[in-house]
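One structure below.
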Amino acid sequence: AAHNSRQHFMFLPNLKEGSMITIKTDYGTFNYKLTKTKIIKDTDDQELPIGKEKEMLMLYTCYPTTTIGHKDHRYVVYADLNSVEYTGGKNEE
């Protein structure tokens, strides 16, 4: 989760299904493929599932992203793990 500012997730709605999202950490690079987007109520935590069945990335921000102030909707991006390149050479797909 992040603010809907230019420095954070203002442009999250520009991502489309199939877009690749890369997260780089000290221990590896994780590539996720966007599977769907959704606009939800800020109280609808059922749409933010924390599961252990598979690796999944969720990014969300206040919606609409073009205005400042309190908002009661969230823009959510769901993405599945596509590939991992661990620092040190261990690869997994």
Side-chain angles (χ1 to χ4, degrees):
H3 293 291
N4 62 340
S5 64
R6 287 185 189 271
Q7 297 85 0
H8 297 100
F9 283 172
M10 179 180 183
F11 301 105
L12 205 57
N14 294 347
L15 296 175
K16 303 295 180 214
E17 188 173 318
S19 293
M20 296 301 293
I21 301 167
T22 300
I23 309 257
K24 293 183 179 186
T25 69
D26 290 342
Y27 52 89
T29 301
F30 299 79
N31 296 296
Y32 295 86
K33 187 173 186 178
L34 193 151
T35 55
K36 73 176 179 175
T37 62
K38 196 169 201 177
I39 298 167
I40 64 170
K41 290 284 291 172
D42 60 350
T43 56
D44 194 359
D45 58 1
Q46 296 297 318
E47 294 294 335
L48 303 172
I50 307 273
K52 297 180 182 177
E53 299 79 38
K54 67 178 182 174
E55 179 77 22
M56 182 177 154
L57 175 70
M58 285 181 288
L59 305 173
Y60 63 96
T61 192
C62 294
Y63 185 83
T65 60
T66 55
T67 60
I68 297 173
H70 175 75
K71 298 175 188 75
D72 60 359
H73 285 85
R74 302 293 178 258
Y75 189 86
V76 185
V77 167
Y78 304 89
D80 290 336
L81 183 64
N82 191 56
S83 66
V84 177
E85 183 178 328
Y86 291 101
T87 303
K90 180 182 172 187
N91 289 322
E92 187 177 303
E93 289 201 27

[X] side chain near [Y] side chain, heavy-atom distance below 4.5 Å:
{"X": "Lys41", "Y": "Asp72", "value": "yes"}
{"X": "Leu81", "Y": "Tyr32", "value": "yes"}
{"X": "Met20", "Y": "Asn82", "value": "yes"}
{"X": "Leu15", "Y": "Thr37", "value": "no"}

>> Let me check something: do Val76 and Ile23 share a hydrophobic cluster, defined by ILVMFWY side-chain heavy atoms less than 4.5 Å apart, either directly or through other members?
In response: no

> Do Met10 and Val77 belong to the same hydrophobic cluster, where Ile, Leu, Val, Met, Phe, Trp and Tyr are linked whenever their side-chain heavy atoms lie under 4.5 Å apart, directly or via other members?
Replying inline: no

Under the 3.5 angstrom rule, does the side chain of [X] hit a backbone N or O of [Y] as a donor-acceptor pair?
{"X": "Thr87", "Y": "Asp26", "answer": "yes"}
{"X": "Thr35", "Y": "Tyr78", "answer": "yes"}
{"X": "Lys71", "Y": "Gly69", "answer": "yes"}
{"X": "Thr29", "Y": "Lys24", "answer": "no"}

Gap separating the [atom1] atom of [X] from the [atom2] atom of [Y], nearest 0.5 angstrom:
{"X": "Leu12", "Y": "Thr65", "atom1": "CG", "atom2": "OG1", "result": "8.0 Å"}
{"X": "Ile50", "Y": "Met56", "atom1": "CD1", "atom2": "CE", "result": "9.0 Å"}
{"X": "Ile39", "Y": "Tyr63", "atom1": "CD1", "atom2": "OH", "result": "3.5 Å"}
{"X": "Leu59", "Y": "Arg74", "atom1": "CG", "atom2": "CZ", "result": "14.5 Å"}
{"X": "Ile40", "Y": "Tyr60", "atom1": "CD1", "atom2": "OH", "result": "8.0 Å"}
{"X": "Lys38", "Y": "Met58", "atom1": "NZ", "atom2": "CE", "result": "12.5 Å"}

> If you draw a 6.0 Å radius around NZ in Lys33, do more than 12 non-hydrogen atoms from other residues or ligands fall strictly inside?
Replying inline: no

> Taking everything shown except His73 itself, do over 12 heavy atoms lie less than 6.0 Å from its NE2?
Replying inline: yes

Indicate the atoms forming the closest heavy-atom contact of [X] with [Y], along with that distance.
{"X": "Asn31", "Y": "Thr22", "value": "OD1-OG1, 2.8 Å"}
{"X": "Asp42", "Y": "His70", "value": "OD2-CE1, 4.3 Å"}
{"X": "Ala79", "Y": "Ile21", "value": "CB-CD1, 4.2 Å"}

>> Can you classify the ring geometry of Phe30 versus Tyr27 as parallel (below 30°), tilted (30 to 60°) or perpendicular (above 60°)?
In response: perpendicular

